[in-house]
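This report concerns only the one structure given below.
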Amino acid sequence: LNLKPVGTGPFELSQVVKKGDQIESVELESNKKYYFGSPFIESIKLIFFENQQDALSAFNGGKINGLALSSILDLERINPSLSFDKYSFPLPRYFGLFFNEQKNKALSEKSVRQALAHAIDKKAIIKQVLKGQASVIDSAIPPFLFGYNQNIDVYDFVPEHAKNLLISAGWQDSNGDGVAEKQDQALELTISLPEWPELIQIATLIKKYWEDIGVRVTLDIREPKIVQKDIIKTREYQILLFGEALGIEPDPFAFWHSSQKNDPGLNLSLYQNKKADALLEEARQDINPESQAEKLNQLQTIIAQDLPAIFLYSPDFLYAVDKKVKSISEQLINMPAERFNNIEQWYIRTKRSWRK
């Protein structure tokens with residue numbers, strides 16, 4: 001029945017092309033009975049590819065008119081001679097560094113976590129790696145979502161302050177090897193991350209920032225499937241560079257409640273705070289927007305003070321489309337598919353007409 005859906009949207013399913021068990025394409029035609037009027041575009045064909053390289057090749061070859069980009073690096077691989085527009089859609093997601101204090105005693109020291117936070121230049125990461133297609137994030141809830149608290153502690157890029165925090169906590173480079181020590185223990189950290197090109201570039205920058213303040217850093221780069229199975233599932237990491245996806249109406253329970261510390265929970269920092277737990281539970285049950293927002297505000301204050309993670313950035317979802325397609329609206333979306341939310345307003349051709 002999924003191949004014969006009945007709906008009231010602007011388009012109707014007209015054909016599904018399959019190869020074995022795989023769907024190769026789906027064709028849609030305008031719904032002449034659509035309540036708000038028939039769409040301007042008569043038909044749309046959605047084509048599915050085995051990998052992003054094949055999709056890029058099809059776009060570069062003019063075989064498709066629109067392409068969802070998996071990262072900003074895809075943009076650099078598009079033929080510059082093509083006539084296309086790039087659309088950016090904010091998504092309720094962020095990337096950060098999640099601390100597992102159980103795997104490295106140094107991370108259990110708040111001064112060390114604070115120093116690490118002050119040593120990272122988030123704006124430079126966004127400019128150099130993400131080409132400006134992201135927003136700086138300092139909180140468990142991004143600024144464009146309900147419940148955001150703009151008055152939390154923010155750890156600005158101040159490397160000298162970061163060095164002083166380490167020194168005050170007893171971490172000093174006594175032997176001149178560039179690495180801080182404390183009671184004969186070197187300050188050594190390992191960052192685990194999936195093998196995604198932009199994350200590797202970001203981790204390399206963070207490694208440099210931290211080495212500048214006296215931290216020896218090792219990057220543990222694995223295939224995404226391995227990261228999910230052997231690193232995240234078992235919580236076998238000191239620091240995890242990873243992303244989390246919220247909803248437009250955020251429910252951060254799964255990410256920060258102590259009951260979610262173990263798999264399949266998503267509390268990647270293994271964070272525990274009784275007051276935070278209570279706020280997460282109460283915010284979930286609260287149906288009053290004002291009091292719910294206040295609980296989320298308090299939660300963000302506590303998390304920012306405890307610093308179980310360093311929030312880095314929220315990347316935009318990028319969509320490349322042939323210039324002939326007009327009236328695409330950039331807006332906050334909950335998932336990539338919602339880029340089609342106003343598709344009934346898209347058009348390709350125009351004509352002059354007499355006005356009465």
Side-chain angles (χ1 to χ4, degrees), residues 25-26 41 44-96 121-137 141-145 193-206 224 241-248 250 311-348:
S25 65
V26 172
I41 295 176
I44 293 174
K45 185 176 183 179
L46 304 174
I47 304 175
F48 303 92
F49 298 90
E50 291 188 5
N51 53 65
Q52 188 69 6
Q53 181 56 52
D54 289 348
L56 275 163
S57 296
F59 189 72
N60 283 331
K63 297 178 180 179
I64 57 176
N65 303 119
L67 173 68
L69 306 181
S70 61
S71 78
I72 189 63
L73 301 181
D74 285 347
L75 196 61
E76 300 174 351
R77 297 161 66 190
I78 293 178
N79 187 339
S81 66
L82 287 179
S83 178
F84 72 96
D85 290 315
K86 172 185 61 63
Y87 295 91
S88 301
F89 299 84
L91 273 176
R93 60 179 177 172
Y94 58 72
F95 282 79
D121 190 344
K122 300 177 186 179
K123 292 180 179 178
I125 289 173
I126 290 173
K127 181 179 179 180
Q128 294 177 33
V129 180
L130 304 171
K131 313 304 179 186
Q133 299 297 316
S135 305
V136 169
I137 297 296
I141 295 179
F144 46 81
L145 294 184
L193 64 144
E195 193 177 10
W196 296 338
E198 65 270 28
L199 285 188
I200 293 173
Q201 290 185 31
I202 289 167
T204 302
L205 269 178
I206 292 171
L241 175 56
F242 207 66
E244 292 184 331
L246 303 168
I248 288 181
F311 302 100
L312 297 173
Y313 64 91
S314 176
D316 296 334
F317 171 75
L318 304 177
Y319 189 39
V321 187
D322 191 308
K323 274 187 177 292
K324 69 182 182 182
V325 183
K326 306 295 184 182
S327 197
I328 298 176
S329 176
E330 293 177 319
Q331 56 189 305
L332 175 64
I333 58 177
N334 201 39
M335 60 186 70
E338 291 183 0
R339 66 187 182 277
F340 298 118
N341 275 354
N342 75 323
I343 195 169
E344 70 275 9
Q345 299 298 320
W346 297 12
Y347 65 88
I348 295 174

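Not measured: the values here are computed from a predicted model.
- Remark: the D74 side chain and the Q52 side chain contain an N/O donor-acceptor pair separated by less than 3.5 Å.
- Separating the CZ atom in F144 from the CD1 atom in I248 is a distance of 9.5 Å, to the nearest 0.5 Å.
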Problem - Step-by-step side-chain contact (heavy atoms from CB on, under 4.5 Å) determination, I348 to N65 - result: CA-CA 11 Å; I348 295 174; N65 303 119; over 6 Å; no
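- Rounding to the nearest 0.5 Å gives a distance of 9.5 Å between CD of Q201 and CD of Q128.
- In this structure, CG in L205 is found 13.0 Å from CD1 in I200, a value given to the nearest 0.5 Å.
- Under a cutoff of 6.0 Å and an axis angle of 45°, R339 and F89 do not form a cation-pi pair.
- Looking only at distances, no side-chain donor or acceptor of N79 sits under 3.5 Å from a matching main-chain atom of N60.
- Atoms CG and NZ, from D85 and K326 in turn, are 6.0 Å apart once rounded to the nearest 0.5 Å.
- Using a 30° and 60° split on the angle between ring planes, F84 and F59 fall in the perpendicular class, above 60°.
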Practice task
Evaluate side-chain contact (heavy atoms from CB on, under 4.5 Å) for I343 paired with I41, printing each intermediate quantity in order.
Solution key: CA-CA 9 Å; I343 195 169; I41 295 176; 5.6 Å; no
Practice task
Let me see the working for F49 and I64 under side-chain contact (heavy atoms from CB on, under 4.5 Å), right down to the final yes or no.
Solution key: CA-CA 11 Å; F49 298 90; I64 57 176; 4.2 Å; yes
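- Side-chain atoms of S314 come within 3.5 Å of backbone atoms of R93 as a donor-acceptor pair (strictly under, hydrogens ignored).
- Side-chain contact check for Q345 and S327: no donor-acceptor pair (N or O, by modelled atom type) lies under 3.5 Å.
- Using a distance-only test at 3.5 Å, with no hydrogens or angles considered, a donor-acceptor pair links the side chain of K122 to the main chain of I137.
- Contact annotation: the side chain of I328 approaches that of W346 to within less than 4.5 Å [non-hydrogen atoms, C-beta and beyond].
- For the pair F340 and I44, the minimum side-chain heavy-atom distance is 4.5 Å or more.
- Other residues, nucleotides and ligands place more than 12 heavy atoms under 6.0 Å from the NZ atom of K86.
- Note that the CD1 atom of I125 and the CZ atom of F95 stand 12.5 Å from one another [nearest 0.5 Å].
- Remark: the backbone N or O of S83 is not paired with any side-chain donor or acceptor of K324 at under 3.5 angstrom.
- W196 and F242 have parallel rings, their planes meeting at less than 30° on a 0 to 90° scale where 60° marks the start of perpendicular.
- A donor-acceptor distance shorter than 3.5 angstrom exists from the side chain of E330 to the backbone of S88, with no hydrogens or angles considered.
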